[in-house]
Structure formats: C-alpha cells, structure tokens
Trainee: 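Take a look at the following structure, please.
The structure presented is a predicted model; accordingly, all values stated were derived computationally and were not measured. Sequence positions, counted from 1, serve as the residue numbers for this chain.
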Amino acid sequence: MSVNKEEGFEMQAEFLQPWSTFVLKTKLPPPILEEMIRISDEIVENRESAIRWGHELAGQIKDEFLIEPKMLEPKIMGFFSNVCRTYVAQAYCQNSPFKKEEYLKEKWIIEMTSMWIVSQKDNEYNPIHVHDGHLSSVMYLKIPEYLPARKSHNEDGAITFTNNSSTDKIWADPNLQIIPQVGDFFIFPATQRHQVYPFRTLDGKGERRSVSFNAVYSSKTEQDLLKKQQQEKHKLRLRNSLA
C-alpha cells in the first residue's frame, strides 16, 4: 500500500498482524445463492423425511437439517472450495508475511466434512460456540423483517464473532457484531467463537435461514511428503521381509 503521497513522498507499506485470525466476508454470486435457496427449500419443505442435524449442533433451534454432498453440483462444491483456498492462503500470508510468495503458489486441498441448514425462528438462538475441523462458514439465504431490538447495545438477529487474543482497549475490539443480509457469506477458523442473537417478527412466524459447513485443508506439499514417507516405509518393510 502506498502512504504519504500528499507530502510529496511515495512509500510502500505492509500492515503486519500475525497474532490474530480474521473473518472473510463476501457475497454469494446470484446463481450460487439461488441454487442454495432451492436446495434448502426442498429440504425444509420435506422436513419429515429430512435428516435432522440438531443433535450435532449448539443451537437452541428446532429445525436444523443435514445437506448431503450428493445434493450439491460440482460447480457449487468448486465455488466453496475455492473460497476456502483463498482464506487459507491469505491466513498463511498474514501469519508469515515474509513467505507470501511460497503460500500463494501452494496448492491447497479442501475437504468439506459436513454441511447443514439452520432454519431459525422467533426467539430461537445460537449460544457462543466453536465448530469442528479447520474452517467453518455461514451463508445467509433468507432474512425476515425483525421487530426493533428492545435495547440498542445488542442487535436482534445479529451474529457476533468474539476473540480473546487482544487486550488492547484502543486499537482493537474483541467483538464483531454483524447484521447479516441475504447473500452474505463468511469463512472463519473453526475455533473462532461466535454466537447468534434471537429475533422477533410481527407475526411471530419469521424464518432466518442460513447454511453452514465445516472443512479441513492440507497442502499438496504436505500430501506429497506424506506419500513419499509411506512409500519409503513400504520399501523398508519389503526389504526386511526379504532379508
């Protein structure tokens, strides 16, 4: 980034912050959003035959359903994998800023481990919690019209990310509160603590629908090294059996 241009000097600067994680916020492309709404509509409307997933989750929410991988087209899986790769590469670059070229050239391999729908209704909520795996996500498909919050310091229906890594009271804030909109898509570390506030609607029948997934990652370099080690062990066992 260039700084100090107005003084007649052009300086290149980097902002280094290896001691904290971050949340990636983006928007689902319209075709992806439409497809995820279609998939979730089909599951929610056929809830009697859907696979309920609430027993695996922290939410005080009745309707939470599993999305099986076979329901997603390859282009949908590819999109989610690519966003996860972007997150991993940028996180490694932030963590070790002087090795950026190496991390940006690396091939990151993503494996989605689970995906589920959260069909949140009035007065339901998600307490502060973390997820399994390496990466987690949430995307928002439907947002009702909320009644105004009773008090202004907490926004009904907000998602709040909480991090205790910083004790700085001037330059940092451990809480990030967001009122999500339809199409918002977040990627974050699975260990990132977060919670979702309840909401109220005029008729008490509002639905705030989101989809989340967990994923793990590895690098091609790591996989190639592991494969080489396994081959060497196999050769050693073979030589010992012939000795």
Trainee: In the single-linkage hydrophobic clustering (I, L, V, M, F, W, Y; side-chain heavy atoms under 4.5 Å), do I109 and V216 co-cluster?
Mentor: no
Trainee: Check whether Q192 reaches the backbone of T162 with its side chain - one donor and one acceptor, N or O, closer than 3.5 Å.
Mentor: yes
Trainee: Can you list the residues that meet the side chain to side chain contact (heavy atoms under 4.5 Å, CB included) rule with S96, with sequence neighbours excluded?
Mentor: K99, Y103
Trainee: On a heavy-atom basis, which atom in L66 and which in M115 lie closest, and how many Å separate them?
Mentor: CD1-O, 3.3 Å
Trainee: S40 pairs by side chain to side chain donor-acceptor pair (under 3.5 Å) with which of E35, E45, R209?
Mentor: R209
Trainee: If I compare all heavy atoms of E14 with all of P97, which pair ends up nearest, and what's the gap?
Mentor: OE1-O, 4.5 Å
Trainee: Testing the basics here: between P127 and Q195, what is the closest heavy-atom pair and its distance to 0.1 Å?
Mentor: C-CB, 3.8 Å
Trainee: On a heavy-atom basis, which atom in D156 and which in P148 lie closest, and how many Å separate them?
Mentor: OD2-O, 4.4 Å
Trainee: Could you check whether any side-chain heavy atom of V44 comes within less than 4.5 Å of a side-chain heavy atom of F65, counting everything from C-beta outward?
Mentor: yes
Trainee: Do S119 and E207 meet the criterion of a side-chain donor-acceptor pair at a distance under 3.5 Å?
Mentor: yes
Trainee: Using the side-chain hydrogen bond (donor to acceptor under 3.5 Å, both in side chains) criterion, which residues pair with E124? Sequence neighbours excluded.
Mentor: none
Trainee: Should we count CG of L104 as having more than 12 external heavy atoms under 6.0 Å?
Mentor: yes
Trainee: If you compare all heavy atoms of T191 against all heavy atoms of V130, which two are closest, and at what distance to 0.1 Å?
Mentor: O-CG1, 3.4 Å
Trainee: Who pairs with D184 by side-chain hydrogen bond (donor to acceptor under 3.5 Å, both in side chains), at least two apart in sequence or on another chain?
Mentor: K27
Trainee: Output the distance between atom CG (D122) and atom CZ (R200), rounded to the nearest 0.5 Å.
Mentor: 9.0 Å
Trainee: So do the side chains of Y87 and T26 get within less than 4.5 Å of each other, counting heavy atoms only?
Mentor: no
Trainee: Are I32 and I187 grouped together when hydrophobic residues (ILVMFWY) are joined by side-chain heavy atoms under 4.5 angstrom apart?
Mentor: yes
Trainee: Roughly how far apart are L225 CG and S218 OG, rounded to 0.5 Å?
Mentor: 12.0 Å
Trainee: Grouping I, L, V, M, F, W and Y whenever their side-chain heavy atoms are under 4.5 Å apart, do M71 and V211 come out in a common cluster?
Mentor: yes
Trainee: Between E42 and R38, does any NZ, NE, NH1 or NH2 come within less than 4.0 Å of an OD or OE carboxylate oxygen?
Mentor: yes
Trainee: Taking E56 for the side chain and W53 for the main chain, is one N or O donor matched with an acceptor at less than 3.5 Å?
Mentor: no
Trainee: According to side chain to side chain contact (heavy atoms under 4.5 Å, CB included), who are the partners of P198, at least two apart in sequence or on a separate chain?
Mentor: Y125
Trainee: Within this structure, what is the CD1-CD1 distance for the pair I67 and I39, rounded to the nearest 0.5 Å?
Mentor: 6.5 Å
Trainee: Once you round to the nearest 0.5 Å, how far does CG of N95 lie from OH of Y92?
Mentor: 8.0 Å
Trainee: Is H194 reaching over with its side chain to a backbone N or O of I128, donor-acceptor style, under 3.5 angstrom?
Mentor: no
Trainee: List the atom pairs, donor and acceptor, that lie under 3.5 Å between side-chain atoms in residues 133-142 and the rest of the protein, sequence neighbours left out.
Mentor:
| from | atom 1 | to | atom 2 | distance (Å) |
| --- | --- | --- | --- | --- |
| H134 | ND1 | Y217 | N | 3.0 |
| S136 | OG | H131 | ND1 | 3.0 |
| S136 | OG | N214 | OD1 | 2.9 |
| S137 | OG | F213 | N | 3.1 |
| S137 | OG | F213 | O | 3.4 |
| K142 | NZ | D41 | OD1 | 2.8 |

Trainee: What's the verdict on side chain to side chain contact (heavy atoms under 4.5 Å, CB included) for M36 and L72, showing C-alpha distance, side-chain angles and the deciding distance?
Mentor: CA-CA 9 Å; M36 293 307 299; L72 301 179; 4.1 Å; yes
Trainee: Would the distance check show the side chain of Q17 and the main-chain N or O of Q94 forming a donor-acceptor pair, the cut-off being under 3.5 Å?
Mentor: no
Trainee: Please name all residues satisfying ring pair (Phe, Tyr, Trp, His ring centres under 6.0 Å) with H234, sequence neighbours left out, ordered by chain then number.
Mentor: none
Trainee: Provide the full list of side chain to side chain donor-acceptor pair (under 3.5 Å) pairs with a residue in residues 63-74, sequence neighbours left out, each pair given once.
Mentor: R47-D63, R52-D63, D63-K121
Trainee: Applying salt bridge (charged side-chain N to carboxylate O under 4.0 Å, His left out) as the test, list every pair that has at least one member in residues 228-237; sequence neighbours left out.
Mentor: none
Trainee: Between A215 and I110, what is the shortest heavy-atom contact and its length?
Mentor: CB-CG2, 4.1 Å
Trainee: Can you name the side-chain hydrogen bond (donor to acceptor under 3.5 Å, both in side chains) partners of N46, sequence neighbours left out?
Mentor: none
Trainee: Got a second to check how far I61's CD1 is from Q120's CD, nearest 0.5 Å?
Mentor: 4.5 Å
Trainee: Which pairs with one or both residues in residues 108-118 pass side chain to side chain donor-acceptor pair (under 3.5 Å), sequence neighbours excluded?
Mentor: none
Trainee: Roughly how far, to the nearest 0.5 Å, is OG1 of T86 from CD of Q90?
Mentor: 7.5 Å
Trainee: Please walk me through it: do F98 and L16 pass side chain to side chain contact (heavy atoms under 4.5 Å, CB included)?
Mentor: CA-CA 10 Å; F98 304 112; L16 308 180; 4.0 Å; yes
Trainee: L33, V83: one ILVMFWY side-chain cluster at the under-4.5 Å cut-off?
Mentor: yes
Trainee: Are K107 and T221 close enough that some pair of their side-chain heavy atoms sits under 4.5 Å apart?
Mentor: no
Trainee: Does atom CG (D132) have a neighbourhood of more than 12 heavy atoms from anything else shown, all under 6.0 Å?
Mentor: no
Trainee: Can V118 be reached from I143 by stepping across I, L, V, M, F, W or Y side chains whose heavy atoms are under 4.5 Å apart?
Mentor: no
Trainee: Kindly write out the residues that satisfy ring pair (Phe, Tyr, Trp, His ring centres under 6.0 Å) with F185, not counting sequence neighbours, or none if the list is empty.
Mentor: F80
Trainee: Could you list the residues that satisfy salt bridge (charged side-chain N to carboxylate O under 4.0 Å, His left out) with E106, not counting sequence neighbours?
Mentor: none
